[in-house]
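Heads up: the structure comes next, in structure tokens.
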Amino acid sequence: MPPQVRSNIAKFLRSFLGITRILQIVFGAGLWITVAANKYDGPIHFVLFVAVLFWLLSLALFFITLLDKQDLVPLLGGERWLCTNLTHDVVAAALYLPAIGVMFYKTESYSYCNLNQYQHSCLYKVYLTAAVFACLCCLSYLLSVIYGGCRKSRGEQTVI
């Protein structure tokens, strides 16, 4: 691997956006694995859709930026890459907010089985864990929005 590529990778992985992208990928995977590994129904399908969609998109943005190949992305790459990342983060944060609401609603609806005397299987802890992962995901996307917004307001066009 050429030294230039190695230094770009190291620079991105130590950057604020690189760290938040890793957190988004980890928390998003935690959310959708937690939900998908258990029985779910109704509005949880929306949560799973949001989690998987933005996990895949974050993964793609992460690797494209990591490999410094944003110039190869038609229409969205090159000098528009910061705007593309910022738009992705805004939409992700906006869709994670109702997903958090759904997870809190489902957690509350199963709160009756949190008692020690309740002997049947219950999804309360699963939904509570998923709600925490959804909150952490939303927080990491909001941090990326703030970071990208600050860079954009200073007139910068790169994500690093």
Side-chain angles (χ1 to χ4, degrees), residues 1 5 8-70 72-73 76-77 81-149 159-160:
M1 186 180 314
V5 173
N8 283 344
I9 289 173
K11 184 179 177 184
F12 176 66
L13 290 176
R14 283 187 246 126
S15 72
F16 183 80
L17 185 65
I19 293 168
T20 55
R21 282 282 181 252
I22 291 170
L23 290 175
Q24 291 162 4
I25 292 167
V26 169
F27 295 147
L31 172 60
W32 73 260
I33 289 170
T34 301
V35 171
N38 295 282
K39 185 179 178 185
Y40 60 91
D41 61 346
I44 300 296
H45 289 94
F46 172 74
V47 175
L48 197 58
F49 167 74
V50 169
V52 172
L53 174 69
F54 286 105
W55 182 77
L56 289 171
L57 289 174
S58 295
L59 205 58
L61 290 175
F62 176 77
F63 281 114
I64 290 170
T65 307
L66 181 70
L67 299 173
D68 200 25
K69 298 296 183 187
Q70 54 267 24
L72 300 178
V73 179
L76 303 174
W81 193 242
L82 178 61
C83 229
T84 300
N85 278 269
L86 185 58
T87 303
H88 166 266
D89 295 336
V90 167
V91 173
L95 286 178
Y96 262 106
L97 289 174
I100 290 170
V102 167
M103 290 314 306
F104 281 143
Y105 170 75
K106 291 299 275 187
T107 303
E108 182 65 31
S109 69
Y110 280 90
S111 64
Y112 64 88
C113 62
N114 195 27
L115 303 171
N116 291 334
Q117 297 85 5
Y118 194 80
Q119 299 299 321
H120 303 290
S121 65
C122 180
L123 294 175
Y124 175 77
K125 290 181 182 176
V126 171
Y127 289 156
L128 183 62
T129 304
V132 169
F133 275 126
C135 288
L136 291 172
C137 277
C138 188
L139 179 65
S140 63
Y141 282 110
L142 287 173
L143 289 173
S144 291
V145 167
I146 292 168
Y147 175 75
V159 294
I160 304 174

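One-based numbering along the sequence shown.
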I need the Leu139 CG to Leu23 CG distance, nearest 0.5 Å.
9.0 Å

Answer yes or no: is there a side-chain heavy-atom contact under 4.5 Å between Leu66 and Phe63?
yes

Thr84 side-chain N/O to Leu76 backbone N/O, donor-acceptor pair under 3.5 Å
yes

For the pair Phe12 and Phe62, name the ring-plane relationship: parallel under 30°, tilted 30 to 60°, perpendicular over 60°.
tilted

On a heavy-atom basis, which atom in Ala93 and which in Leu142 lie closest, and how many Å separate them?
CB-CD2, 3.7 Å

Rounded distance (nearest 0.5 Å) linking atom CH2 of Trp81 with atom CG of Asp68
10.5 Å

Quick one: side chains of residues 33-40, donor-acceptor pairs under 3.5 Å with protein atoms, not counting sequence neighbours, listed by atom name and distance.
from  : atom 1 : to    : atom 2 : distance (Å)
Thr34 : OG1    : Gly30 : O      : 2.5
Asn38 : ND2    : Thr34 : O      : 2.8

Testing the basics here: between Ala130 and Leu31, what is the closest heavy-atom pair and its distance to 0.1 Å?
O-CD1, 3.2 Å

Among residues at least two apart in sequence or on other chains, which ones pass ring-ring contact (aromatic ring centres under 6.0 Å, His included) with Tyr124?
none

Go through the steps for Asp89 and Arg21 under the test side-chain contact (heavy atoms from CB on, under 4.5 Å), then give the verdict.
CA-CA 10 Å; Asp89 295 336; Arg21 282 282 181 252; 2.8 Å; yes

Fit a plane to each ring of Trp55 and Trp32, take the angle between them on a 0 to 90° scale, and name the class: parallel (under 30°), tilted (30 to 60°) or perpendicular (over 60°).
perpendicular

Side-chain heavy-atom pair Leu17, Thr20 within 4.5 angstrom cut-off:
yes

One should read off an interatomic distance between His88 NE2 and Phe54 CZ, to the nearest 0.5 angstrom, of 5.5 Å

Write down the atom of Phe46, the atom of Ala99, and the distance for their closest heavy-atom approach.
CE2-N, 3.8 Å

The single option from Phe133, Phe104, Tyr110 passing ring-ring contact (aromatic ring centres under 6.0 Å, His included) against Tyr127
Tyr110

CD1-OG1 distance between Ile100 and Thr107, expressed to the nearest 0.5 angstrom:
11.5 Å

What closest approach, in Å, do Gly28 and Ala51 show between heavy atoms, and which atom pair accounts for it?
O-CB, 4.5 Å

Check Gln24 against Cys137 and note the closest heavy-atom contact, atom names and distance.
O-SG, 4.3 Å

Minimum-distance pair of heavy atoms, taken over all atoms of Gly149 and Leu86:
N-CD1, 3.6 Å

After noting the C-alpha distance and the side-chain angles of Leu136 and Val26, does the key distance pass the side-chain contact (heavy atoms from CB on, under 4.5 Å) rule?
CA-CA 10 Å; Leu136 291 172; Val26 169; over 6 Å; no

Output the distance between atom CG (Leu123) and atom NZ (Lys106), rounded to the nearest 0.5 Å.
8.5 Å

To the nearest 0.5 Å, what is the distance between CG on Leu59 and CD1 on Ile64?
10.0 Å

